[in-house]
Structure formats: structure tokens, C-alpha cells
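When a ligand or atom number is given, it counts from 1 through the structure's own listing order.
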Amino acid sequence: MFINNQIFAAPLAGITDKPFRRIIRQFAPDVSLVTEMISCHSLVGQHKNCIRNFDNYSDEGNIGTQIFGAEPELMGMAAKILQDAGAKWIDINMGCPVPKVATRAGAGAFLMKDHKLAGKIIEECVKSVQIPVSIKTRLGWDEAHKDWKDLVHVAKESGASFVALHGRTRAQGYNGQSQFEPISDMPLPIIANGDIQTTEDIEHVEKLGYSGAMIGRAMLGKPWLFGQICGNCGEIKNVGEIVLEHLNLVLEYYGTKAGVPMFRKHLAWYSSGMPNSAQFRIKINQITDEKELINSIKEFWHID
Ligand SMILES: Cc1cc2nc3c(=O)[nH]c(=O)nc-3n(C[C@H](O)[C@H](O)[C@H](O)COP(=O)(O)O)c2cc1C
């Protein structure tokens, strides 16, 4: 099977922040991580309200930092900032379907419609850094325009090192099943992404000729999944302890006021499928106090 660094934790906005990545790392020291997408404007402007603009990545192992934007020069500047902050590679978002990114900003998935601009952005990023540059994209804009292979060639000519491919079109959003076309004659390594959850799924895409597998939603509430896939850890006995540690990191990073409400979604994922999880979610959604939240977590997971 793929070796550890060929297994990727996908970028998930609002989820794969520094606290969550630190939890994943405890179980999987060698998998490849990708940050949430960061706007090149926000990075270059060093906007204070966006805390991740100031992250340092030097202690995060093999980590790619993802940027989005439509202006080649700004994207190059953002790439350089991230390289200086310790990123091991730069990933360019060419798949985000959210209107704010893809239509209003002409970035993300929009770049699947404008390969010329996509090429310029890649070239500018490659020119600005000494670390590898990758792109993350989808099969195409819609069913009638599944031209990802053309974009891979553009990426190669522009100096990119690899491509992560989500097996859906922009029009599909997250609907339907991700499609994995067999890989042959591609000029760059292609990392498969979309609905991958198990070792069997990973073996399937490996057989199809992909060079790695990227896992997104399957890690929600299961940050140890990567450790299990890579054989670093077995069954997890005390989920509550992990939850408390994750909460601590979130509170440290965001502070109580923002951190407590932000952690609710993680609690919903961690508790999913457990007895009384619905009541637990209702309860924690009302809590704003840090100590009260900690006590509720201890009670739910039976920690003294
Ligand atoms: C909540 C959420 C946030 C996401 N944020 C990003 C992002 O910041 N950058 C990106 O390239 N893709 C993002 N994606 C797409 C995922 O990286 C991934 O391509 C998609 O979820 C399919 O993989 P999966 O089935 O393994 O989750 C996001 C998806 C979700 C559900």
C-alpha cells in the first residue's frame, strides 16, 4: 500500500486548523497534512482577524498550505509568506465551488474554466518559492466540461509537482459518488480524493494508478483514522481524553469566546452514533462557559 506520506488529510475549511492538525499528528507523524484554504489577500494584507495568517508550520512535519486567489502576483507573494512560515509545499485551490470563491472572486473552481490564468498563477507561485507547488482540483466545471487532464498538462508546463483530484465536477458539489478514472499517461502524480474512507478504498485507487490518497470527511470525529490506516495505532479506547485534549488546543488557539462555540461541531462528530448523543448535542449547543463544557464532556465520556 501507499507509504505514509502518500496518505493525505484533505484541506477542510473551518476544520483542519492547527488544533485539529496537532491531534491528527499524534496518531500519524508521517502522513501529509494540508491546511484549510487561506485567501492570498488576507495573507498578503496580514489581516489580523484571520488567526491562521500567523501560523507557523515548522513543527508540523510534512504539511502543505493551501491558498486561493485569482491574481498571480498576489498568489506568488502569499506562497512566499507560507514558505517562510515553514510550509513544506504550497497547494493552490482550483476546486472550491463556493460562489464567494469560484464566482465572485474568480478563484477556486473558476480556474478550471480559465486554464491560462491557472497556468499563470502556478508559474508565479513556482517562481516565488523553492518548495514544491501542487494544485487541488476537480474533474471539471460540469458534466460537459470534464477537462481535468488538460489542466494537469497546464500544471506540468507551469512547474507544478503534483495534483490532487476530487472525483466530482464543480456542478456536482458534494452530490453523487466520487468517480475515479484510471490514470495513465499523466505527466504528474495524481492524488485521488473523494469518498475515500478505508484501507480497501485506498488500495482501489492505488490499483487504478493514483500516486496517493487524500481523505477528508471520513476523518471528522476520527482524527486517529490516519494512525489506524498507517498501522501506528489500533482501536482507540479513550475518545473522551482525546476530545478534552482537542478542546484544550482549540481554547488555547482561539480563546474561550470563539473556541467554545467552534468546538460544538467537533463534539457532534466525536459523539456521533453513541448512546444519548442527540441529547448531548442539544445540551452542549447551549453552553458558552469553558468549565461547564469540560464537565459535560467528562460526564458524557465517563471521565472522573
Ligand atoms: C466542510 C468542508 C470544507 C472544505 N474545505 C476545503 C478547502 O479549504 N480547500 C479545498 O481544496 N477543499 C475543501 N473541501 C473539499 C475537500 O478537501 C475534499 O475535496 C472533499 O470533501 C471530498 O473528499 P472527501 O469525500 O474525502 O471528504 C472542503 C470540504 C468540506 C466538506
Practice item. Give me the ring orientation class for Phe300 and Phe280: parallel if the planes are under 30° apart, tilted from 30 to 60°, perpendicular past 60°. Key: parallel
Is [X] salt-bridged to [Y], cutoff N-O under 4.0 Å?
X	Y	result
Glu60	Lys88	no
Asp185	Lys149	no
Glu123	Lys120	no
Arg168	Glu143	no

Under 3.5 Å, is there a donor on one side chain and an acceptor on the other for Thr169 and Asp142?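 On atom types as modelled, these side chains do not qualify, holding no pair under 3.5 Å.
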### Amino acids in close contact with ligand 1, where any non-hydrogen atom sits under 4.0 angstrom away
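Those residues closer than 4.0 Å to ligand 1 by some heavy atom are Ala10, Pro11, Leu12, Ala13, Ile15, Met37, Gln66, Asn93, Lys136, His166, Tyr174, Asn193, Gly194, Asp195, Ile215, Gly216, Arg217.
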